[in-house]
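Worksheet: the structure to be examined is printed underneath.
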Amino acid sequence: MSSATRTLISPATLARPRGKAVYWSVFTAVVLLFALAFLFPVYWMVTGAMKSPDEIAQTPPTLIPKQWHLSGYTDAWDLMQLPEHLWNTVVQAAGAWAFQLVFCTAAAYALSKLRPAFGKVILGGILATLMVPAQALVVPKYLTVADLPLLHTSLLNDPLGIWLPAVANAFNLYLLKRFFDQLPRDVLEAAEIDGAGKLRTLWSVVLPMSRPVLGVVSIFALVAVWQDFLWPLMVFSDTDKQPISVALVQLSQNIQLTVLIAAMVIASIPMVALFLVFQRHIIAGISAGSTKG
């Protein structure tokens, strides 16, 4: 005996021409409202960089620029040294992504499939770090990076100062472990019967099946480094090595507002493009990690 699903509007009402028209009118209005709420700030930022300095400061503001100026983007590219700082950000984000993907994947696979001694205790300790505010870890993390234990070397003004702390990401590790827990045991046992070792099973079986969640972890890792401000500000005192998030603040003192807005637009393009290209993988990874079986 199947139970009917209760909805706000009954199927009988939707079957009528008037009900169908009202439904689609409300649905279209809501979609347009949400699209406007999300897209209007982007439009305002992109067009704001194309206004003249006087127009961007006038009250009330203009919705459409009176004259379109592209000089804001060219000035931002040259005056704020965006190519250099964007490259610094790419290097820092790519390194943090690679380190995090390798070590978090290895740790999650060990906790999920290798079943080490005290594995649950270790996992509990890792998850307990999620309850510690990130600001509380800044000072001990800085002291560790400034004088690395045992090696007694400084990682300040070095990309390793960004890469190594990024590895300790409890959320991404737990996300990977939960996904590995859901992989069919039969497939792993078949690989063992064929003579594959633990490392071979991870490389040839587990990782190809884990592309959706690896895509999600990659996006989280890249975005976290790209948008971070406080930690890169503390690590990089050398302005030539600073990422774009820090450089925009450091170089904005004597820069026109339109040029600064243009620089922010350029800085946001890589992450927006990354999301648009990999949005299907992101949604697939989140949905795959949210169900069991």
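- Interatomic distance, I56 CD1 to T62 OG1, rounded to the nearest 0.5 Å: 7.0 Å.
- Residues L183 and I193 are members of separate hydrophobic clusters, defined by side-chain heavy-atom contacts under 4.5 angstrom among Ile, Leu, Val, Met, Phe, Trp and Tyr.
- In terms of modelled atom types and a separation under 3.5 Å, the side chain of T129 and the main chain of I126 share a donor-acceptor contact.
- Counting heavy atoms from C-beta outward, K51 and W68 have side chains that stay 4.5 Å or more apart.
- No donor-acceptor pair under 3.5 Å is formed between the side chain of Y109 and the backbone N or O of L114.
- Side-chain contact between F180 and L188: absent, with no pair of heavy atoms (C-beta onward) separated by less than 4.5 Å.
- In this structure, the side chains of K241 and P159 stay at 4.5 Å or more apart for every pair of heavy atoms.
- L164 contributes atom CG, which lies 7.5 Å from atom CG of L148 (distance to the nearest 0.5 angstrom).
- With no hydrogens or angles considered, no side-chain donor-acceptor pair links S52 and Q67 at under 3.5 Å.
- When atom types are taken as modelled, the side chain of S204 and the backbone of T201 share no donor-acceptor pair closer than 3.5 angstrom.
- Under a hydrophobic clustering in which Ile, Leu, Val, Met, Phe, Trp and Tyr are joined whenever their side-chain heavy atoms come within less than 4.5 Å, directly or via other members, F275 and F38 fall into different clusters.
- Residue E55 places its CD atom among more than 12 non-hydrogen atoms of other residues, nucleotides or ligands, all under 6.0 Å distant.
- Here the side chains of Q227 and M271 are not in contact, with every heavy-atom distance at 4.5 Å or above.
- The shortest distance between side-chain heavy atoms of L156 and V145 falls below 4.5 Å.
- Of the possible donor and acceptor atoms, none in the side chain of W231 sits under 3.5 Å from a partner among the backbone N and O of V138.
- Residues V225 and W97 are not in side-chain contact: their nearest non-hydrogen atoms beyond the backbone lie 4.5 Å or more apart.
- Side-chain atoms of W226 come within 3.5 Å of backbone atoms of A267 as a donor-acceptor pair (strictly under, hydrogens ignored).
- In terms of modelled atom types and a separation under 3.5 Å, the side chain of H85 and the main chain of Q242 share a donor-acceptor contact.
- Remark: W77 pairs with no residue by the ring-ring contact (aromatic ring centres under 6.0 Å, His included) rule, at least two apart or across chains.
- Distance CG/D158 to CG/L160: 4.5 Å, rounded to 0.5 Å.
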Practice problem: Begin with the C-alpha distance, continue with both residues' side-chain angles, and end with the deciding distance and a verdict on side-chain contact (heavy atoms from CB on, under 4.5 Å) for F236 and Q92. | Solution: CA-CA 11 Å; F236 293 102; Q92 295 166 24; 3.5 Å; yes

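- Rounded to the nearest 0.5 angstrom, Q81 CD and L79 CG are separated by 9.0 Å.
- Once rounded to the nearest 0.5 Å, the distance linking NZ of K177 with CG of L111 reads 6.5 Å.
- Nearest approach of M80 to A263, heavy atoms of both residues: SD-CB, 3.5 Å.
- Placement of M234 and I244 within a single hydrophobic cluster is found when ILVMFWY residues are connected by side-chain heavy-atom separations under 4.5 Å, directly or transitively.
- Pairing each heavy atom of P243 with each of P232, the nearest pair is CG-CB, 3.6 Å.
- Side-chain contact check for N172 and Q100: at least one donor-acceptor pair (N or O, by modelled atom type) lies under 3.5 Å.
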Quiz prompt | Steps toward side-chain contact (heavy atoms from CB on, under 4.5 Å) verdict (L123, F118) | solution = CA-CA 9 Å; L123 179 62; F118 306 106; over 6 Å; no

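- When the side chains of ILVMFWY residues are joined at heavy-atom separations under 4.5 Å, either directly or via intervening members, V121 and M131 end up in two distinct hydrophobic clusters.
- Summarising the geometry of T47 relative to W44, their closest heavy-atom pair is OG1-O, 3.5 Å, with the distance given to 0.1 Å.
- In terms of hydrophobic clustering, with Ile, Leu, Val, Met, Phe, Trp and Tyr side chains grouped at heavy-atom distances under 4.5 Å, M264 and L70 are assigned to a common cluster.
- Other members of the cluster containing V246 are F229, L233, V249, with ILVMFWY side chains joined at under 4.5 Å, either directly or via other members.
- F171 and F220 have tilted rings, their planes meeting at an angle from 30° to 60° on a 0 to 90° scale.
- Of all the heavy atoms in P212 and M209, the pair that sits closest is CD-O, 4.0 Å.
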Exercise. Report the C-alpha separation of E192 and K198 in whole Å, then their side-chain angles, then the decisive distance to 0.1 Å, and conclude whether the side-chain contact (heavy atoms from CB on, under 4.5 Å) test is met.
Key: CA-CA 8 Å; E192 293 177 3; K198 299 297 183 183; 3.3 Å; yes

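- No side-chain heavy atom of T258 sits less than 4.5 Å from a side-chain heavy atom of Y73.
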Practice problem: Show your reasoning for whether side chain to side chain donor-acceptor pair (under 3.5 Å) applies to S237 and N157. | Solution: CA-CA 7 Å; S237 58; N157 291 315; 3.2 Å; yes

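- Looking at T74, its side chain does come within 3.5 Å of a backbone N or O of S71 through a donor-acceptor pair.
- Taking the six-membered ring where tryptophan is involved, the planes of W24 and F27 are perpendicular, since the angle between them exceeds 60° and thus also 30°.
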Exercise. Could you walk me through whether L176 and V213 pass the side-chain contact (heavy atoms from CB on, under 4.5 Å) test, one step at a time?
Key: CA-CA 7 Å; L176 287 164; V213 72; 3.9 Å; yes

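- Taking both residues in full, the closest heavy atoms of A76 and A262 are given as CB-CB, 4.0 Å, listed atom of the first, atom of the second, then distance.
- By the 4.5 Å heavy-atom criterion applied to side chains, D228 and S245 are not counted as neighbours.
- Separating the SG atom in C104 from the CG atom in L173 is a distance of 5.0 Å, to the nearest 0.5 Å.
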